[in-house]
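One structure is given below, encoded as structure tokens.
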Amino acid sequence: MSSKLQLTTLAVLVSAALPAQAALYKVVEVAPGVSGNEVYGTAIEPGTTSDPKGCFVNDCGDGIDYALAGETRNRPDGFSYREEVPFAMDNSFTYIEDDYDGFEDYCFYQLGYATCEYWASDRWSSWYNEAYGSNTPNSLAFVVDGGTLPSVSGAINTVINSLDSSAEAVGNYSTSAVRNKPLKGDISGWNQGRQWANKTGYRVGSVAKFTNGSLYYYYTQAAIWEGDNLKTVLNFGSGGVSKDGDYFGQGSMRDLYVKGSDFYGVGYNTYDDQHMNATIFKGNTGNLANTNFDSVQINNAQVDISGDNIHSNSVATNINKNLVVVGQAKRSGGYPKNGAASNRLFIVPDASASSINASFFYGGIFFDGAGGEMGGINNFNEIVGRIDSENHREYDGKQRRQRAFIYPYGVTSGVADADKDAITARRAIFKNKAWLLDDLTNGGSESSSNNQYRIYDASDINDAGVISATAVKCSGGYDSTSHNAYCGDGNKDETVVAVKLVPISDDTQRSIQPRGYDSTATERQGAGLGFGALTILGLFGFMRKRIK
């Protein structure tokens, strides 16, 4: 990949003048115990420490008290192993049925890259291998530092979406006969099932039913399991049906929180015109069998805004105990902004509010038109994920490089009085603003070791402050500590590895020293910057239909 971030003379001088300080995080690489060309961190075990500041006060060492889940890849996903429909948007299955041409069409019309032949070739060959070729596993899942990966037989591809409070993996797997089944829990009467979270005895996800027995053409509905038993399959939203013309209804619950007897689920649901919109599901634990949960569409993130399909699809990904909801909305290929049809990140401050509105991340590292991927949120309102770190045009150009971020959102209306001071104190550690995590792994006693890594994606964060992440690694260290430093003068291979980011507990050895930029363009080489470092687990493009 070629990265052409340039640094002005003034910026170089400012960067060089920064005082020597210490990092906020130690980067700890994990050994997956399974084979794969590239290794990704996907989830961290929930947990905290005896102090509200978590590992920022209590020494958590290398974070071994918190299990990490991950996956390997030898090639990119063709049709994502975890999403309900292709490219997380194709609920007509039009793109996937057109084989290679469909993959190229999706890229051309919905992403706009000048490199769509390359983009499509990698993904089509992977899908062809799965659909028509061998059953060789591509995604091997693992859990390290304790925890459990439920044993399943005949698994071809396994994904882990989260770890529950006992560090047991929650996700789904495929066999030669069924493409997706939950790691635990029945799907009686349904052809497929996916699970995303397990909290307070309830699992959430979706179940699917085929209409013609093929690898596609099916509808899915949001689902709740009580223990291992499928308890509730929720109805579509207002106007949504299982099939309307070429479009199949789709619904999914990605996370949940139970407050008293109130059940809050987040995900997406199908509404009128078969639009797939970010949704908050509201019900009661005393009547979970009632399929008529309130299905509340999140305003500003919906597909149709003032009569135009500004977005192609959207999803709420996570909710915490403060009822803060985060998610993402894919800008339609027909309505790009600042040169990109970006995947926009949003927040809803209170899921219990009478009016539910999304606010998109903006300011600081979240420049206008930036795209990214949501990772997770903990109960201190600390949000992680990844975001564009370049702002060149993607339309008729190349994909932007992305890097992991953390955003300490702060106190919201749902925060209990007892927690407000803790959230404020945690936020102060980050100087009350969002950062690229690479800026928080620089300097101090960890600098030499940390300089082997550039943090690509942050997938999850627990209340102790430990983050599951994926990094690009230059063994022995990059040529400088800069964001765009060479690896071995551009001639040394980089790899993609799973890591934990563990807070440094000694506040006298912890501060923020932002990385600078080298003044020359960086031409990165090596296997680690193929499909994985740019498109971890497949690019999540949320599009409803093509715009030609």
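Fair warning: this is a prediction, and the values are worked out from it, not measured in the lab.
- Rounding to the nearest 0.5 angstrom, the gap separating the CG atom in Asn462 from the CG atom in Asn378 is 7.5 Å.
- Side-chain contact between Phe236 and Asn269 is present, with at least one heavy-atom pair separated by less than 4.5 Å.
- Side chain of Asn180 to backbone of Gln192: no donor-acceptor contact under 3.5 angstrom is found.
- For the residue pair Gln297 / Asn277, a side-chain donor-acceptor distance below 3.5 Å is found, with atom types taken as modelled.
- Surrounding NZ of Lys259 are at most 12 heavy atoms belonging to other residues, nucleotides or ligands under 6.0 Å away.
- Ile467 and Ala458 make their closest contact through CG2-CB, 3.8 Å (heavy atoms, listed as atom of the first residue, atom of the second, distance).
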* To do: Give the intermediate values and the outcome of side chain to side chain donor-acceptor pair (under 3.5 Å) for residues Thr412 and Asn322.
  => CA-CA 7 Å; Thr412 54; Asn322 307 315; 5.1 Å; no
* Check the pair Tyr264, Leu323 against side-chain contact (heavy atoms from CB on, under 4.5 Å), reporting the backbone distance first and the verdict last. => CA-CA 8 Å; Tyr264 293 90; Leu323 302 186; 3.9 Å; yes
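- Taken to the nearest 0.5 Å, the CH2 atom of Trp124 stands 12.5 Å off from the CD atom of Glu104.
- Between the side chain of Ser121 and the backbone N or O of Glu117, no donor-acceptor pair lies under 3.5 Å.
- The aromatic rings of Tyr216 and Trp127 lie tilted to each other, with the angle between the two planes from 30° to 60°.
- The aromatic rings of Tyr128 and Tyr132 are tilted relative to each other, their planes meeting at an angle between 30° and 60°.
- When side chains are defined from C-beta on, Thr232 counts as touching Thr291, because their heavy atoms get closer than 4.5 Å.
- Crowding of Asp246 atom CG: a count of heavy atoms from other residues, nucleotides or ligands under 6.0 Å not exceeding 12.
- Listed for the Asn318 side chain is no donor-acceptor partner under 3.5 Å among the backbone atoms of Ile377.
- Asp272 and Ser238 form no side-chain donor-acceptor contact under 3.5 Å, judged by distance and modelled atom types alone.
- Of the inter-residue distances, the one linking Leu256 atom CG with Trp196 atom CH2 reads 14.0 Å to the nearest 0.5 angstrom.
- A donor-acceptor pair is defined here as one N or O able to donate and one able to accept, closer than 3.5 Å; such a pair exists between the side chain of Asn91 and the backbone of Gln274.
- In Tyr362, the OH atom is not crowded: 12 or fewer heavy atoms of neighbouring residues, nucleotides or ligands sit closer than 6.0 Å.
- With values rounded to the nearest 0.5 angstrom, His311 atom NE2 is found 8.0 Å from Gln302 atom CD.
- Comment: Glu71 engages Arg82 in a salt bridge, judged by a side-chain N to carboxylate O separation of less than 4.0 angstrom.
- In this structure, Trp190 and Lys181 have side chains that are not in contact, with every pair of non-hydrogen atoms separated by 4.5 Å or more.
- The side-chain contact (heavy atoms from CB on, under 4.5 Å) test applied to Asp396 returns no partner, not counting sequence neighbours.
- The shortest heavy-atom contact between Ile455 and Ala469 is CG2-CB, 4.0 Å.
- Using a distance-only test at 3.5 Å, with no hydrogens or angles considered, no donor-acceptor pair links the side chain of Asn343 to the main chain of Gly371.
- Rounded to the nearest 0.5 Å, atoms OH (Tyr40) and OG1 (Thr470) are 7.5 Å apart.
- In this structure, the side-chain contact (heavy atoms from CB on, under 4.5 Å) partners of Ser413, at least two apart in sequence or on a different chain, are Asp350.
- Figure legend: cation-pi geometry between Arg344 and Phe360, with NZ or CZ positioned under 6.0 Å from the six-membered ring centre and within 45° of its axis.
- Atom CG of Asn161 sits about 7.5 Å away from atom OG1 of Thr42, to the nearest 0.5 Å.
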* Asked: Would Asp77 and Asn138 satisfy side-chain contact (heavy atoms from CB on, under 4.5 Å), going step by step from the backbone distance to the final call?
  -> CA-CA 8 Å; Asp77 299 7; Asn138 182 36; 4.3 Å; yes
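- Considering every non-hydrogen atom in both Ala208 and Thr220, the closest pair reads CB-CG2, 3.3 Å.
- No side-chain donor-acceptor contact under 3.5 Å links Lys330 to the backbone of Met89.
- Residues Glu130 and Tyr81 have side chains in contact (heavy-atom distance under 4.5 Å, counting atoms from C-beta outward).
- The side-chain tip of Lys209 does not point at the ring of Tyr218 from less than 6.0 angstrom away and within 45° of straight on.
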* Asked: Step by step, would you call Phe263 with Phe281 a ring-ring contact (aromatic ring centres under 6.0 Å, His included)?
  -> CA-CA 8 Å; Phe263 187 106; Phe281 302 94; 9.2 Å; no
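- The side-chain heavy atoms of Tyr95 and Pro86, taken from C-beta on, include no pair separated by under 4.5 Å.
- Smallest separation of non-hydrogen atoms from Trp225 and Val204: CZ3-C, 4.0 Å.
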* To do: Take Asn172 and Val159 through the test side-chain contact (heavy atoms from CB on, under 4.5 Å) and record every step on the way to the result.
  => CA-CA 6 Å; Asn172 44 275; Val159 293; 3.5 Å; yes
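- The minimum heavy-atom distance linking Ser139 with Asn157 is given by the pair N-OD1, 2.8 Å.
- Side-chain atoms of Ser459 come within 3.5 Å of backbone atoms of Ser468 as a donor-acceptor pair (strictly under, hydrogens ignored).
- The pair Arg75-Asp122 does not meet the salt-bridge criterion, since no charged nitrogen lies less than 4.0 angstrom from a carboxylate oxygen.
- With hydrogens and angles disregarded, no donor-acceptor distance shorter than 3.5 Å links the side chain of Gln195 to the backbone of Leu183.
- With hydrogens and angles ignored, the 3.5 Å screen pairs no side-chain donor or acceptor of Asp308 with any backbone N or O of Ile310.
- Under the 4.5 Å side-chain criterion, counting only non-hydrogen atoms from C-beta, Ser176 is in contact with Ile156.
- The pair Glu83-Arg254 meets the salt-bridge criterion, since a charged nitrogen lies less than 4.0 angstrom from a carboxylate oxygen.
- Using a 4.5 Å heavy-atom threshold, the side chains of Ile280 and Ile298 count as touching.
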* Before giving the answer on side chain to side chain donor-acceptor pair (under 3.5 Å), spell out for Tyr271 and Thr279 the whole-Å C-alpha distance, their side-chain angles and the decisive distance to 0.1 Å. => CA-CA 10 Å; Tyr271 296 83; Thr279 292; 2.8 Å; yes
* Test side-chain contact (heavy atoms from CB on, under 4.5 Å) on Val326 and Tyr409 and set out the steps. => CA-CA 11 Å; Val326 292; Tyr409 187 66; over 6 Å; no
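- In this structure the side chain of Arg400 reaches within 4.5 angstrom of the side chain of His392, judged on heavy atoms.
- Counting all heavy atoms, side chain and backbone alike, Asn338 lies closest to Gly369 at ND2-N, 4.1 Å.
- Applying the salt bridge (Lys or Arg N to Asp or Glu O under 4.0 Å) rule to pairs touching residues 229-242 yields Glu226-Lys231, sequence neighbours excluded.
- At distances below 3.5 Å, at least one donor-acceptor pair connects side-chain atoms of Glu390 with backbone N or O atoms of Arg401.
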